[in-house]
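To start, the structure under review is shown below, and the notes come after it.
Remember, it's a predicted structure, so these values are computed and weren't measured experimentally. Numbers here are sequence positions counted from 1.
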Amino acid sequence: MAPDPVNPLENLIRLFLLIFLAFTAFFGRSGGSDINPPPDISTGGAQASGSETLTVVEKVDALILESFPAQISVHVTGYQPDGCTYPVQVQQTRVGNTVSVKIYRILPPDIMCTMQLVPYDENIKLDGSFESGEYSIDVNGTVVTVKI
């Protein structure tokens with residue numbers, strides 16, 4: 001019995017498949033490199049435990065609460081840029097008449113999230129009381145001005 005003839009197209013496909021598998025095995029690792037970043041000096045050489053992901057803010061409405069002294073609450077709408085379900089953290093700082101609000105999540109470095117936008121809609125009461133004057137409120141880069 002005579003051997004089956006060799007199809008050159010079949011051999012070409014096998015060659016490309018072999019090259020693809022070798023390429024993915026070599027470069028398919030996370031980051032594509034074996035080089036580690038230098039240690040973070042601020043943490044005593046330890047690597048960071050996660051990455052900070054800011055909430056995307058689309059709209060901020062400031063609400064002045066009826067109290068004396070005045071208090072302010074902000075209604076924030078926006079979205080999380082991925083489908084990870086990690087808790088949202090809110091950090092506030094105040095310098096003079098400027099209030100900065102940072103809304104973020106800390107995600108583990110090796111986490112894989114779905115590619116979906118998750119709505120964010122919260123009321124955040126600002127710390128402290130507010131005397132008469134004009135205040136600037138910055139929520140993740142979206143700035144509103146309030147006059148009391």
Answer yes or no: is there a donor N or O on one side and an acceptor on the other, between the side chain of Arg94 and the main chain of Gly128, under 3.5 Å?
no
Exercise: identify the closest heavy-atom pair between Ile124 and Gln92
CG2-NE2, 3.8 Å
Val101 and side chain to side chain contact (heavy atoms under 4.5 Å, CB included): which partner among Asn140, Thr142, Asp138, Leu126?
Leu126
To the closest 0.5 Å, what do you measure between CD1 (Ile111) and CZ (Arg105)?
10.0 Å
Can you tell me how far the OH atom of Tyr79 sits from the CD atom of Glu58, to the nearest 0.5 Å?
6.0 Å
Determine, stepwise, if the pair Gln89 / Tyr104 fulfils side chain to side chain donor-acceptor pair (under 3.5 Å).
CA-CA 5 Å; Gln89 299 182 29; Tyr104 64 99; 3.2 Å; yes
So which heavy atom on Pro81 is nearest to which on Leu54, and how close?
CD-O, 3.8 Å
List the residues meeting salt bridge (Lys or Arg N to Asp or Glu O under 4.0 Å) with Asp61, not counting sequence neighbours, and say none if there are none.
Lys59
Please find the pair of heavy atoms, one from Val143 and one from Ser136, that lie closest to each other, and give the distance.
CG1-OG, 3.4 Å
Could you tell me whether the side chain of Asn97 and the main chain of Glu134 form a donor-acceptor pair under 3.5 Å?
yes
Just verifying a value: how many Å separate His75 NE2 and Glu122 CD, rounded to the nearest 0.5 Å?
8.0 Å
Residue list, side-chain hydrogen bond (donor to acceptor under 3.5 Å, both in side chains) with Lys102, at least two apart or on another chain:
Glu52
Could you check whether any side-chain heavy atom of Tyr86 comes within less than 4.5 Å of a side-chain heavy atom of Thr53, counting everything from C-beta outward?
no
Are side-chain heavy atoms of Ser129 and Phe68 found at a separation under 4.5 Å?
no
Are Val146 and Ile64 side-chain neighbours, meaning at least one heavy-atom pair lies under 4.5 Å?
yes
Calculate, to the nearest 0.5 Å, the distance between atoms CG and CG belonging to Asp82 and Leu117 respectively.
9.0 Å
Smallest heavy-atom separation, Gly83 atom then Val118 atom, equals CA-CG2, 3.9 Å
Just how far is it from atom NZ of Lys125 to atom CD1 of Ile72, taken to the nearest 0.5 Å?
10.0 Å
Cut-off 3.5 Å, side chains only: do Thr55 and Gln80 have a donor facing an acceptor?
yes
Separation between OH (Tyr135) and CD1 (Ile148), nearest 0.5 Å, reads 5.5 Å
Transitive ILVMFWY side-chain link Val74 to Val88, under 4.5 Å:
yes
Establish whether Val57 and Val90 are linked, either directly or via other cluster members, by ILVMFWY side-chain heavy-atom contacts under 4.5 Å.
yes
Within one Ile-Leu-Val-Met-Phe-Trp-Tyr cluster: Ile106 and Ile103, side-chain cutoff 4.5 Å:
no
